[in-house]
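Values below: every heavy atom of this structure, side chains too, minus hydrogens, waters and symmetry copies. None of these values were measured; they are calculated from a predicted model. Chain A is the first sequence line, chain B the second, and so forth, proteins listed ahead of strands; every chain is numbered from 1.
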2 protein chains.
Amino acid sequence: MAASTLTEVARLAGVSPATASRVLNGSARKPGKDIADRVRQAAASLGYIPNAQAQGLAKSSSGLIGLIVHDIADPYFAAIARGVQEAAREQRRMVLLATTGGAPAEEKEAVAAFAARRADSIVIAGSRSCRDEDRDGNAELSAELDRYCRNGGQVAVVGHPVVGATALEGYHVVKVPNQELAGRLAAELAGGWDGEFVIVGGPEGLLTSDDRVRGFQEGLERAGRRPAEVLRSAFNRSGGYEAGLELSARIKAAQSEDGGTPSPKLCIFAVNDVMAIGAAAALRSEGLRIPRDAAIAGFDDIETLRDFRPALSTVRLPLEDIGRYATRATGGRPAGGDGEAAEGASFDEVTGEVTLRRSTGAAA
Amino acid sequence: MAASTLTEVARLAGVSPATASRVLNGSARKPGKDIADRVRQAAASLGYIPNAQAQGLAKSSSGLIGLIVHDIADPYFAAIARGVQEAAREQRRMVLLATTGGAPAEEKEAVAAFAARRADSIVIAGSRSCRDEDRDGNAELSAELDRYCRNGGQVAVVGHPVVGATALEGYHVVKVPNQELAGRLAAELAGGWDGEFVIVGGPEGLLTSDDRVRGFQEGLERAGRRPAEVLRSAFNRSGGYEAGLELSARIKAAQSEDGGTPSPKLCIFAVNDVMAIGAAAALRSEGLRIPRDAAIAGFDDIETLRDFRPALSTVRLPLEDIGRYATRATGGRPAGGDGEAAEGASFDEVTGEVTLRRSTGAAA
DNA sequence: AAGAAGTTGGAATGCGCTTTCCCAATCAGA
DNA sequence: TCTGATTGGGAAAGCGCATTCCAACTTCTT
């Protein structure tokens, strides 16, 4: 028994399908009150649920918004997803989810799949990559996005524009000032710290990581410090853990070396919170204490990690808002509405806030 | 410029749409090699992307799977979502996401929306509620689910069956032995603890919470302990925090009361990890230490929380698997396949594992 | 009071694709 | 060489809905 159709409802109500359609779905033309009631009643008694696919086909628009993340279980993406979800709800649209592990080739597949489903818009979160191995993937991805936009799709990407993408109409970027914020973090850290700095970064070519590394170095330079060494590992907790082990060894070596007088301590900047937590776990597993033996800071201010002790110094990013903005950017009228300039690509920018806590020796 | 259509491809290839359809999408009939190549080439040169809506309409099946969670940013749901997503990928389907905050009425809306989109199946995660205020919502939800199943939809719910739902064909439940596991946790805890127990639970009527509370009490009883007092608050971090404040006051009072000789310490069981973390944060903010002044245990073993110190005793649940199983249960052939019995509703069961850690004084 | 302007419901068309059903061509068997 | 069985491609009928165009009314206007 398939679900009942508009035609059945119409027949039961003794009207034409056209009329039934008009009353059941917001059409410009409102049929007479009595007829409308009859139709509505018929629909209710049949348990009629409009077929969104058919509606979509007829109107060529689906009420769908595609969300692309690296990993939905990563709290960073989960937070963004929440924002997207909320905004989608406001706009009475549903979100389609795709996870790609961050590979541009996979992302291209996801875009194609969304396009096939005629999603009205697509939100892409997760660091862009410009690594060599991703060159082809990026090219495919941007080609796919181009096509999607040209066919009237809206896309918003969080952070960086897709590598190689041309800025056509319907292409939005929610910019995240990673570099600047990392610089500010470095500056504030440098203000209260005499020791060396070391950066735990993701693989080279991951734009988000690179930006944060670069910004941090700039911040150090402005503060008159020498550049920090950069350790590279995976952009997740285990990457942080590995780097942490490496650093533990160094710290211990340094400690035993200079016998009594402790050398200036190390301050570790991990380019995101989960890496920082991983690194912290590694230090701890090696018997080191934070911030006694080393300070540590992250980036993102992941909610679930706020109860971590010692509280992690980090840069708060309005993750949920980012998701919301990205969604809204793709949301309203197609283009050139009443609002601000809306020709071609649009760029939103959010901001963050340096948040010093115990892990770098801050008071609270 | 709308995306190109099958007909255009067919025209370019000089064949009929029927033939084009047959070669481009897995049909039983395979056209001749030369023709197939021509069609494929035409499709490639046009950048043809099949319109999934139209396909869905024609075949009445969408390749969509709906996922309903309370909150996608909650790590519990995020983990389940990851499992669902993975399984969906295996089945070459896409997931539609809906968040409801746990209200049955909202869940009903979500089911209706999924039904409208003709999702092939629906996975519902998140505790069922049997509170009075949700009575109507539950009734609507189960009616909606019934209809959905009767129309050939597959639904899998995690934990408990939907309150009031009848077990028809296509209705699956992935059972989580909350009660038993909580009992085991209580037993193990009682083995190494002399003091009192207190339970921090969610609102009464939240089935998952209730089960865990009940199981814990049973475990205590079997261990010859008296039943624990139950504090109720919200089923999230802030609920845990509030309860934690309340408990802090009591602990302090008790401590000051019996001057030197410390009274037996309190062991707090929070019915999920985030509540436990909240409670722990509250104790800490009141200057209490764990496990020195009180022990604490949670439930779920949320991944992001594993680096929390002191490490949280908890019950590990295979969250990702749960999502996977639920998805697979709705996945394969409609019913009565080659596998096990498949008439009517089906029930899968996962299991968990008590994991004692530092927060309750365990060695490591 | 008669024609213009505005309503209101219905018939018909099309969205893009799948899937019978049909027909011409090919092949095996006799 | 002819018949019956296959095969391979095309024509056409929907899938369920929105929407344009029409026809039949109703309400104003002068």
Side-chain angles (χ1 to χ4, degrees), chain A residues 1-40 42-43 46-64 112 115-120 151-152, chain B residues 1-40 42-43 46-64 112 115-120 151-152:
Chain A
M1 185 223 283
S4 51
T5 75
L6 222 213
T7 312
E8 290 171 19
V9 173
R11 185 161 33 221
L12 182 64
V15 301
S16 78
T19 307
S21 169
R22 289 196 263 256
V23 12
L24 259 18
N25 315 8
S27 163
R29 288 178 51 177
K30 299 283 171 198
K33 183 91 173 59
D34 47 341
I35 290 219
D37 284 347
R38 269 217 324 272
V39 171
R40 254 184 284 273
L46 252 40
Y48 170 71
I49 297 184
N51 184 328
Q53 310 221 67
Q55 290 189 158
L57 224 209
K59 314 197 277 203
S60 60
S61 99
S62 60
L64 252 26
R117 301 233 127 80
R118 295 303 183 263
D120 299 328
N151 287 342
Chain B
M1 182 223 283
S4 50
T5 74
L6 222 211
T7 312
E8 290 171 20
V9 173
R11 185 161 33 221
L12 181 66
V15 302
S16 78
T19 306
S21 168
R22 290 197 262 256
V23 13
L24 259 17
N25 315 9
S27 164
R29 286 179 53 176
K30 298 283 171 200
K33 182 90 173 61
D34 47 340
I35 291 220
D37 284 346
R38 268 218 322 274
V39 172
R40 254 184 284 271
L46 252 39
Y48 169 71
I49 297 184
N51 184 328
Q53 310 220 68
Q55 291 189 154
L57 223 211
K59 322 196 270 204
S60 59
S61 99
S62 60
L64 251 27
R117 303 233 124 83
R118 295 303 183 263
D120 300 328
N151 287 342

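Counting only heavy atoms from C-beta on, Val15(A) has its side chain closest to dG10(C) among dT19(C), dC17(D), dG10(C). Distance from the side chain of Ser16(B) is smallest for dA11(D) among the nucleotides dA11(D), dG16(C), dC17(D). For Leu57(A), counting side-chain heavy atoms from C-beta on, the closest listed nucleotide (dG16(C), dA11(D), dA12(C)) is dG16(C). If you check dG14(D), dG10(D), dG16(D) against the side chain of Ala58(B), the one that comes closest is dG14(D). With dG9(D), dT18(C), dA18(D) as the choices, the nucleotide that has an atom nearest any side-chain atom of Ile35(B) turns out to be dG9(D). Across dT18(C), dC17(D), dC17(C), the shortest atom-to-atom separation from the side chain of Tyr48(A) is found for dC17(D).
The residue Pro17(A) sits apart from the nucleic acid: no heavy atom pair falls under 4.0 Å. Residue contacts for Ser60(B): at a heavy-atom cut-off of 4.0 Å it reaches no nucleic acid atom on any strand shown.
At dT18(C), one or more side-chain N or O atoms of Ser21(B) fall inside 4.0 Å of OP1 or OP2 (strictly under the cut-off). For dG9(C), neither phosphate oxygen OP1 nor OP2 lies less than 4.0 angstrom from any side-chain nitrogen or oxygen of Thr19(A). Distances shorter than 4.0 Å separate some side-chain N or O of Asn25(A) from OP1 or OP2 on dA18(D). Between Thr5(B) and the phosphate of dG16(C), there is no side-chain N or O to OP1/OP2 separation shorter than 4.0 Å.
Between the side chain of Arg22(A) and the base of dG10(C) there is at least one donor-acceptor pair of N/O atoms closer than 3.5 Å.
One interatomic measurement links the two molecules: CZ of Arg117(B) to P of dG16(D), which rounds to 17 Å at whole-angstrom precision. Between Gln53(A) atom CD and dG14(D) atom C1' the separation is 15 Å, expressed in whole Å.
The line from NZ of Lys33(A) to CZ of Arg40(A) is 7.0 Å long, rounded to the nearest 0.5 Å. Taking CD from Gln55(B) and CZ from Arg117(A), the interatomic distance works out to 8.5 Å, rounded to the nearest 0.5 Å.
Residues Val9(B) and Val39(B) meet the side-chain proximity criterion, which asks for heavy atoms closer than 4.5 Å.
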